[in-house]
Amino acid sequence: MTITLDQTIKQKQQNWLAAILGSQTFWVLLSVLLACVFLSFATDSFATTKNLYNITRNVTFVAIIALGMTIVIITGGIDLSVGSVLCLCSMVLAVVMHAGYSIETGIAASVGTALVIGAFNGVLIAYLGFPPFVVTLGMLSIARSLAMVASNNTVVFQFGPDHDKLLALGGGAWFFGIANPVIYMIVLALLTGFVLRWTRFGRYVFAIGGNEHAATLTGVPVQAIKVVVYMISALSAGVAGIIQTGWLGAVTTNIGSGMELQVIAATVIGGANLAGGVGTAFGALIGAALIEVIRNSLGLLGINAFWQGTFIGGAIVLAVLFDRIRNLRQSE
């Protein structure tokens with residue numbers, strides 16, 4: 001039977017439409033847009049320039065870490081230490097700059113700390129066979145403890161001679177009035193998306209998450225890739241910590257507390273599969289956006305903020321349910 005050109009084009013259009021409608025990220029994006037439209041009419045303050053500026057800026061910290069978490073989850077792992085790593089990297093930056101060193105030295109020390117932690121986690125997981133949950137749960141406690149030791153559990157709010165540079169880095173708006181953290185988030189999301197889609201490293205990450213044993217048999221350096229993946233996750237937390245320090249203008253040992261749950265929630269809601277093999281950079285951003293819209297809307301609608309966890313938890317359950325239904329349909 002001969003297939004005409006029109007039939008081929010129509011089939012491709014139908015496949016494209018089916019892929020969009022079957023994408024969890026699409027439905028989460030639609031939910032975010034509908035929520036924004038509803039809140040714009042239901043409240044007088046949601047659609048204001050100031051509130052939208054705050055939403056876009058606040059979402060960046062969870063979103064940046066979610067980009068790194070997405071890569072980890074694609075491999076079938078998990079990183080529970082990101083909130084504490086953010087705290088430790090922020091504190092290292094603050095303490096180094098408070099001692100009189102330049103902002104470049106402080107950032108280098110903070111990034112170096114993140115990479116060492118990520119490498120430590122990765123080696124234990126990849127080469128010694130420790131469960132990711134156990135290793136990163138332990139690091140969650142270790143990193144925050146080290147942050148307390150580094151600062152003697154005090155607030156650091158003076159950052160030496162480059163104090164103003166750090167505040168401008170995290171709290172400024174250098175391009176067209178767009179908050180700097182948003183620019184960083186977009187650049188990092190594009191970079192992450194490119195790496196996952198177009199590089200050999202990205203293919204290896206998906207291969208490990210899809211079938212680690214098969215990946216090993218085909219020559220994928222599974223152990224080395226896993227170490228790099230956890231280094232990227234810790235680095236994303238460190239970068240978020242640097243930006244958040246400049247935005248807040250002070251660092252306490254409570255910073256980043258509980259953030260790992262928000263990050264994992266954003267990643268899962270955005271379409272990543274905790275079993276591995278599935279995830280996108282765009283999905284991480286959309287998941288983080290939904291969480292921030294939920295958080296922002298509770299106050300505007302006069303709902304007790306304690307309900308935030310309920311709404312976010314419900315979103316996670318719905319996301320997993322959606323993924324489960326999709327898998328069942330594909331298996332049929």
Side-chain angles (χ1 to χ4, degrees), residues 24-25 27-28 31-32 58-89 114 117-118 121-122 125 130-144 185 188-189 192 196 205 208-209 226 229-241 244 255-295 308-324:
Q24 180 175 316
T25 304
W27 293 107
V28 175
S31 300
V32 172
N58 291 342
V59 76
T60 56
F61 308 117
V62 172
I64 288 174
I65 306 177
L67 292 172
M69 183 68 74
T70 296
I71 300 177
V72 172
I73 288 180
I74 290 174
T75 64
I78 198 164
D79 190 349
L80 300 177
S81 66
V82 289
S84 296
V85 172
L86 179 147
C87 176
L88 177 58
C89 291
I117 291 174
N121 287 342
I125 294 167
F130 284 37
F133 182 90
V134 174
V135 173
T136 57
L137 182 61
M139 184 54 68
L140 178 151
S141 179
I142 293 171
R144 194 165 297 276
M185 177 189 69
L188 291 173
T192 304
L196 289 175
V205 167
I208 293 171
K226 280 189 174 183
V229 162
Y230 281 94
M231 291 177 69
I232 292 174
S233 178
L235 179 61
S236 68
V239 170
Q244 193 165 16
I255 188 174
S257 180
M259 182 172 278
E260 58 278 345
L261 300 180
Q262 296 182 48
V263 170
I264 294 172
T267 308
V268 173
I269 290 170
N273 191 328
L274 288 173
V278 179
T280 63
F282 182 65
L285 300 192
I286 297 303
L290 180 61
I291 289 176
E292 178 57 27
V293 169
I294 291 174
R295 188 201 65 78
Q308 177 180 341
T310 301
F311 284 102
I312 294 175
I316 295 174
V317 172
L318 288 175
V320 174
L321 177 62
F322 181 91
D323 184 69
R324 180 62 176 167

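Put simply, CG on Leu196 and OG1 on Thr70 are 8.0 Å apart, with the number rounded to the nearest 0.5 Å. Rounding to the nearest 0.5 Å gives a distance of 12.0 Å between CE of Met139 and CG of Leu80. Between atom CD1 of residue Ile232 and atom CG of residue Asp79 there is a gap of 12.0 Å, rounded to the nearest 0.5 Å. Distance check: Gln262 CD to Ile269 CD1 gives 10.5 Å after rounding to the nearest 0.5 Å. Interatomic distance, CG of Leu285 versus CG of Leu290, reported as 13.0 Å (0.5 Å rounding). Between the CD1 atom of Ile142 and the CD1 atom of Ile117 there is a distance of 9.0 Å, given to the nearest 0.5 Å.
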TODO: Could you check Val229 against Ile208 for side chain to side chain contact (heavy atoms under 4.5 Å, CB included), going step by step and ending with a plain yes or no?
DONE: CA-CA 11 Å; Val229 162; Ile208 293 171; over 6 Å; no
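For the pair Thr75 (side chain) and Val72 (backbone), a donor-acceptor distance under 3.5 Å is present. A donor-acceptor contact shorter than 3.5 Å is absent between the side chain of Ser81 and the backbone of Ser84. Remark: the backbone N or O of Ile255 is paired with a side-chain donor or acceptor of Arg144 at under 3.5 angstrom. The backbone N or O of Ala284 lies less than 3.5 Å from no partner atom in the side chain of Thr267, so there is not a single donor-acceptor pair.
Contacts of Glu260 classified as salt bridge (Lys or Arg N to Asp or Glu O under 4.0 Å), with partners at least two apart in sequence or in another chain: none. In this view, Ser236 satisfies the side chain to side chain donor-acceptor pair (under 3.5 Å) rule with no residue, not counting sequence neighbours.
Between Ala266 and Ala66, the closest heavy-atom pair is CB-CB, 4.4 Å. Scanning all heavy atoms of the two residues, the minimum distance from Ile71 to Val205 falls at O-CG1, 3.8 Å. The shortest heavy-atom contact between Ala288 and Val62 is CB-CG1, 4.1 Å. When every heavy atom of Val135 is checked against every heavy atom of Phe130, the shortest pair comes out as CG2-CB, 3.2 Å. Shown here for Val278 and Ile74, the closest heavy-atom pair between the two residues is O-CG1, 3.6 Å. Between Val85 and Ala143, the shortest heavy-atom contact is N-CB, 4.1 Å.
Residues Met259 and Val82 fail the side-chain proximity criterion, which asks for heavy atoms closer than 4.5 Å. Residues Leu274 and Ile73 form a side-chain contact, since some pair of their non-hydrogen atoms from C-beta on lies under 4.5 Å apart.
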